[in-house]
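Just so it is clear, the values below take in all heavy atoms, side chains as well, and ignore hydrogens, waters and symmetry mates. On a predicted model such as this, the values are computed, not experimentally measured, just so you know. Just so it is clear: chains get the letters A, B, ... in the order the sequence lines come, proteins before strands, and each one is counted from 1.
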Amino acid sequence: MRQRLPRSIWTTFPVESLLRPCRPIAMRSSRFFLSTLKEAPSDAEIVSHQLMLRAGMIKRLAGGIYTWMPVGLRVVRKVEKIVREEMDRAGAIELSMPAVQPAELWQESGRWEKYGPELLRCKDRHQRDFVIGPTHEEVITDVVRREVKSYRQLPLHFYQVQVKFRDEIRPRFGIMRGREFVMKDGYSFHCSFEDLQREYRNMFDTYTRIFTRLGLKFRAVAADTGSIGGTGSHEFHVLADSGEDALAYCPDSSFAANVELAEALAPPGIRSAASAILQKVATPGRTRCEDVAALLDVPLTQTVKAIAIVVDRPLTGSGEFVLILLRGDHNLNEIKAQKVVGEFRFARDEEIVTALGCQPGYIGPVGVGSLRVVADRSVAAMSDFVCGANEADFHLTGVNFGRDVEEPAVVADLRNVVAGDPSPDGKGRLELCRGIEVGHIFQLRTKYAEALKCSFLDESGRSRTMEMGCYGIGVTRIVGAAIEQGHDERGIIFPAAIAPFEVCIVPMGYAKSEAVRDAADALYCELTRAGIDVLLDDRNERPGVMFAEMELIGVPHRVVVGERGLAQGKLEYRGRVDTEPQMLPVAALGRFLKERLCSG
RNA sequence: CGGGGAAUAGCUCAGCCUGGUAGAGCACUGCGUUCGGGACGCAGGGGCCGGAGGUUCGAAUCCUCUUUCCCCGACCA
């Protein structure tokens, strides 16, 4: 008689095992994958990049393109989780759009031409053009224009957490300015500008909640809208000295803005009358204002630097040579200047010689004839100043507008604000700090809706263009920014909310001592059951190795299980930033950790 | 894309100037000793010296080209 086969696999499959709760958050080092480095690869420049490589969070595959290794991915997932929870709470709806997008949409919005080489383009087998999405305004607007016809369906806010690709000119700082990165991008659609502004405030609050929950020190600042366009815009910056952005804020008021945007007010009062006579003085080899001021023993604020630019006129094919004047201690703000003179580039040395008959370093506004001179507000208020003489190795002193040189054709805000400048809201003085941009919210208005004809029928049956907002969070960048903000000589100090593990158990002699093994296993089970994200280091490594690695990857809470403590019924607890460990009764440790974790 | 630097073992680097059998530390494998702060000893494995051409009896080393990476400028989450 032939043996009977089971009717189906289900009859033998222990179905009840599926009903047991799955606890993927529990980890044993022996089954996990850690790969730490004592020395950082030499190409890592900033501390977060070095530590991410040393901690084995990321591995470089190509320039600006990284594999997220298990330790790193856990951090990314925790950031994503908080972002999703808060976006959902704020009423946004998650969807997921394709990374590969047809060129037609981008041609329709006009960005196929405008976006430039940062947009990665490719062709399919039929030679049709595609892009690897750097952002998703086109796709979401296409979705909404097909789906939404009535004011009754609005407002809507869709978001996704998705991989983006931007072919950055210069990827650097590891994951912070990668080419491939994870971003939360959300897009809202509204019947009216007022409703867009309501959602914009909603997102401002939501972002504030997100970055607070992430445990980061951050600041929201008014921002330039850049290439995405639109009107209102705020950036959220993680504060860090290594940040690429300079921020201006007023400690006495709510004013905060990216330095790109922060207005430098005109100096108060009227210009003093000329009191010095015009003199030409020899300043051999002194090409910088600092050197000239030192040589002549005048304050730097009494000097004027001239910056030669060329405003290209594509229609005529020629460029207009323009001189920009700034006070010696001020720096040009190119965004502001561009708003005043239009698209420009810095003049080449030979162009300067042709226009002024003088090498750069000694150029100035005196005797330049019909050349257009654009002065910063603070320059326009100066008298008896020092500037280049348009003759190599000479400067002029006692220069005055109206007497020695024509009043500038244009006076405008052209410079970066500096610490101590009056706040544009008139409520105090500005301070500067640096930040890493991790979030950006925009009121796009109708820019894309118009281009892509995304309209709806209002109450009166009239067709109207939708108002749009867009809201981005650099998920992977947040990981780098958090490390930039939290680290010491031993490694990463993650906020508990995004640490790869909340607690690590480090047993002393796990293989040898039964007492240690039992106590460590028991604690591991208890914490796991309590839903705590715990790593048990059961590798039986030397203690120094385990301590060093757990500190390097930034586990915020550590419990050491050793025979010494167990003999007294105690375990050792130490927070990542604590200076001293503390001994706690075995029975009390679970509750102690739960309370610690709840309080953040 | 412009300007600077670099490429030798998984990582950090020496060797190159002055051509002559490819090295160290960390990491890895085995054994032993260690075991509360990245241990020690012994024995191993691992490199077409980024690639291609050239000069030379002989090239990691000199020359040319090329690729890649890093740093400084214009972009952005």
Integer angstrom distance from the C1' of B:G36 to that of B:G32:
23 Å
Among B:G38, B:C69, B:A77, the nucleotide that comes nearest once only the side chain of A:Arg60 is considered:
B:C69
Tell me: CD of A:Glu244 to P of B:A74, nearest whole Å?
10 Å
Contact pattern, 5' to 3', of nucleotides 31-36 of chain B - B, S or - by protein heavy atom under 4.0 Å:
---BBB
Students often get this wrong, so: under 4.0 angstrom with heavy atoms, is A:Leu552 touching a base, only sugar-phosphate, or nothing?
base
Rounding to an integer number of angstrom, what distance separates B:C13 and B:G47 when you compare their C1' atoms?
15 Å
Geometric cation-pi criterion A:Arg121 and A:Trp112, 6.0 Å radius, 45° cone:
yes
For B:A77, does OP1 or OP2 lie under 4.0 Å from any side-chain N or O of A:Thr476?
no
Determine the interatomic distance between C1' on B:U8 and the same-named atom on B:G25; round to the nearest Å.
15 Å
B:C26 versus B:U67 - spacing of their P atoms, nearest Å:
38 Å
Please classify the nucleic acid contact of A:Asp245 as base, sugar-phosphate, or nothing, using heavy-atom distances under 4.0 Å.
base
Could you check how far CZ of A:Phe33 sits from C1' of B:A27, rounded to whole Å?
13 Å
Give me the distance, rounded to whole Å, that separates B:G30 from B:G45 when you measure between the C1' atoms they each carry.
11 Å
When you check the phosphate oxygens OP1 and OP2 of B:A27, does a side-chain N or O of A:Lys38 lie under 4.0 Å from one of them?
yes
Polar side-chain contact A:Arg490-B:G38 base: donor and acceptor under 3.5 Å
no
Looking at A:Asp167 and A:Arg179, is there a salt bridge between them, counting it only when a charged N and a carboxylate O are closer than 4.0 Å?
yes
Ring centroid separation A:Phe501 to A:Phe32 under 6.0 Å
yes
Pair A:Phe158 + A:Tyr187: ring centers closer than 6.0 Å:
no
Sugar-phosphate, base or nothing in reach of A:Arg574, heavy atoms under 4.0 Å:
base
Between B:G15 and B:A7, how far apart are the two P atoms, rounded to whole Å?
10 Å
Going by an N to O cut-off under 4.0 Å, is there a salt bridge joining A:Arg28 and A:Asp521?
yes
Check against salt bridge (Lys or Arg N to Asp or Glu O under 4.0 Å), A:Lys305 and A:Glu290
CA-CA 10 Å; A:Lys305 62 179 151 195; A:Glu290 289 82 356; 5.7 Å; no
Is any side-chain N of the basic residue among A:Arg558 and A:Glu551 closer than 4.0 Å to the acidic one's carboxylate O?
yes
For a quick check of understanding: with a heavy-atom distance under 4.0 Å over all strands, which category does A:Gly178 fall into, base, sugar-phosphate or nothing?
base
Start at the 5' end of RNA chain B and walk down; is the nucleotide closest to A:Glu549 or to A:Arg477 reached first?
A:Glu549
Applying a 4.0 Å non-hydrogen cut-off, can you work out what A:Ala40 is touching in the nucleic acid: base, sugar-phosphate, or nothing?
sugar-phosphate
Would you confirm whether the ring centroid of A:Phe442 sits within less than 6.0 angstrom of the ring centroid of A:Tyr471?
no
Could you go over nucleotides 71-73 of chain B and give all protein N or O partners under 3.5 Å, atom names and distances?
residue, atom, partner, partner atom, Å
B:C71, OP2, A:Arg170, NH1, 3.4
B:C72, OP2, A:Arg170, NH1, 3.0
B:C72, OP2, A:Arg170, NH2, 2.5
B:C72, OP2, A:Arg172, NH1, 3.4

When you check the gap from the basic side-chain N to the acidic O, do A:Glu138 and A:Arg111 get nearer than 4.0 Å?
yes
For the P atoms, the ones on B:A39 and on B:U21, what distance do you get once it is rounded to whole angstrom?
36 Å
Hey, what do you get for CG (A:Asp537) to CE (A:Met546), rounding to the nearest 0.5 Å?
5.5 Å
So, A:Phe236 versus A:His440, ring centres under 6.0 angstrom or not?
no
So what does A:Gly63 touch, heavy atoms closer than 4.0 Å: a base, only the sugar-phosphate, or nothing?
sugar-phosphate
Work out how far the P atom of B:U64 is from that of B:C11, and round it to whole angstrom.
29 Å
